[in-house]
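Report on the structure given below.
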Amino acid sequence: MTTRSGSAKYEGLGKSGKGHVSTQSGVLSDSPYGFNTRFENEPGTNPEELIAAAHASCFTMALSFALAGKGYEAGTLETSAKVTLDKDGDGFKITKSALTLNAKVEGISKDEFEAIAADAKANCPVSKVLNAEITLEHNLA
């Protein structure tokens, strides 16, 4: 099994606090986050953006491996994810992750591609962990 880690530190409390987030790999190292980066588009990151990147990359890799497993050898997959954060009572909840995929896969039919992509959407590990609606829109060239 693989275990990866991330960490966060928040100094100050609430809206005036400032946070920093890091990843085990060092790709993120004390990257700023806080109320302003989450709700006011200030420079830095936020949890929803990180989840969107994780979902897009996880789904894309799952689809790539599924296509290779069916014998396809050439192609390009580009996925974006838009994660929606909605008000939920006194707090917030991630309610949706909308995946948009642009794909080129040599020799595949539209029906077969749709079936493989739907399975990857349902079964990539990040999809399985999200308690939200997950949609997939795709364009196969």
Side-chain angles (χ1 to χ4, degrees), residues 1-106 108-141:
M1 289 298 130
T2 300
T3 301
R4 301 286 184 224
S5 65
S7 62
K9 179 179 181 180
Y10 211 78
E11 296 174 319
L13 300 177
K15 193 173 182 178
S16 64
K18 302 291 179 197
H20 292 88
V21 62
S22 299
T23 58
Q24 175 183 341
S25 67
V27 169
L28 294 178
S29 180
D30 290 325
S31 297
Y33 83 101
F35 180 87
N36 293 337
T37 66
R38 196 172 199 180
F39 297 107
E40 296 177 352
N41 295 318
E42 297 251 337
T45 191
N46 59 72
E48 293 73 37
E49 174 181 79
L50 296 172
I51 291 170
H55 199 196
S57 61
C58 184
F59 163 75
T60 304
M61 183 179 276
L63 179 55
S64 173
F65 274 76
L67 290 164
K70 295 288 187 180
Y72 295 98
E73 297 177 359
T76 303
L77 308 172
E78 294 181 33
T79 308
S80 65
K82 292 184 180 179
V83 169
T84 302
L85 181 70
D86 283 323
K87 192 83 169 125
D88 184 37
D90 290 337
F92 293 89
K93 179 179 180 180
I94 292 173
T95 57
K96 185 174 186 178
S97 181
L99 299 168
T100 301
L101 168 65
N102 289 308
K104 289 183 182 179
V105 180
E106 291 181 20
I108 197 167
S109 72
K110 183 178 178 185
D111 288 344
E112 184 179 14
F113 179 80
E114 286 178 356
I116 295 170
D119 185 67
K121 176 187 73 101
N123 291 302
C124 88
V126 173
S127 288
K128 289 180 177 183
V129 80
L130 292 176
N131 184 19
E133 175 188 7
I134 300 170
T135 62
L136 170 62
E137 177 182 309
H138 57 79
N139 301 302
L140 177 63

Does [atom1] in [X] sit with more than 12 non-hydrogen atoms of other residues, nucleotides or ligands closer than 6.0 Å?
X: Asn41; atom1: CG; answer: no
X: Glu73; atom1: CD; answer: no
X: Lys9; atom1: NZ; answer: no
X: Glu78; atom1: CD; answer: no
X: Tyr10; atom1: OH; answer: yes
X: Asn131; atom1: CG; answer: no

Intermediate values then yes/no, side chain to side chain contact (heavy atoms under 4.5 Å, CB included), Ile116 and Ile108: CA-CA 11 Å; Ile116 295 170; Ile108 197 167; 4.2 Å; yes
Ser97: which of His55, Glu133, Lys121 passes side chain to side chain contact (heavy atoms under 4.5 Å, CB included):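 When His55, Glu133, Lys121 are each tested with Ser97, the side chain to side chain contact (heavy atoms under 4.5 Å, CB included) holds only for His55.
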For residues 12-22, run the donor-acceptor check on the side chains, cut-off 3.5 Å, and write out each pair with its distance to 0.1 Å, sequence neighbours left out.
{"from": "Ser16", "atom 1": "OG", "to": "Leu13", "atom 2": "O", "distance (Å)": "3.3"}
{"from": "Ser22", "atom 1": "OG", "to": "Asp30", "atom 2": "N", "distance (Å)": "2.8"}

Within this structure, what is the [atom1]-[atom2] distance for the pair [X] and [Y], rounded to the nearest 0.5 Å?
X: Thr135; Y: Leu99; atom1: OG1; atom2: CG; answer: 6.5 Å
X: Thr95; Y: Leu85; atom1: OG1; atom2: CG; answer: 7.5 Å
X: Asn36; Y: Glu42; atom1: CG; atom2: CD; answer: 4.5 Å
X: Ser31; Y: Leu50; atom1: OG; atom2: CG; answer: 8.5 Å
X: Glu106; Y: Leu67; atom1: CD; atom2: CG; answer: 12.0 Å
X: Thr100; Y: Asn139; atom1: OG1; atom2: CG; answer: 8.0 Å

Aromatic plane relationship, Phe113 with His138 - under 30° parallel, 30 to 60° tilted, over 60° perpendicular: perpendicular
Check [X] against [Y] and note the closest heavy-atom contact, atom names and distance.
X: Ser127; Y: Ala122; answer: CB-O, 4.2 Å
X: Ala54; Y: Ser57; answer: O-OG, 3.1 Å
X: Lys96; Y: Ala132; answer: N-CB, 3.6 Å

Non-hydrogen side-chain atoms of Phe92 and Glu48 separated by less than 4.5 Å: no
Test item: Leu63 and Leu101 side chains (from C-beta on) under 4.5 Å apart, heavy atoms: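 Counting from C-beta outward, Leu63 and Leu101 do come under 4.5 Å.
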Exam field: side chain Thr37 to backbone Gly34, donor-acceptor pair closer than 3.5 Å: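 Flag set: sc Thr37 to bb Gly34 pair under 3.5 Å.
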Any donor-acceptor pair under 3.5 Å from Thr45 side chain to Tyr33 backbone: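 Judged by distance alone, no pair lies under 3.5 Å.
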Worked check of side chain to side chain contact (heavy atoms under 4.5 Å, CB included) between Val83 and Leu130: CA-CA 11 Å; Val83 169; Leu130 292 176; 5.9 Å; no
Test side chain to side chain contact (heavy atoms under 4.5 Å, CB included) applied to Val105 and Leu77, step by step: CA-CA 8 Å; Val105 180; Leu77 308 172; 4.2 Å; yes
Side chain to side chain contact (heavy atoms under 4.5 Å, CB included) evaluation trace for Leu136 with Phe59: CA-CA 10 Å; Leu136 170 62; Phe59 163 75; 3.9 Å; yes
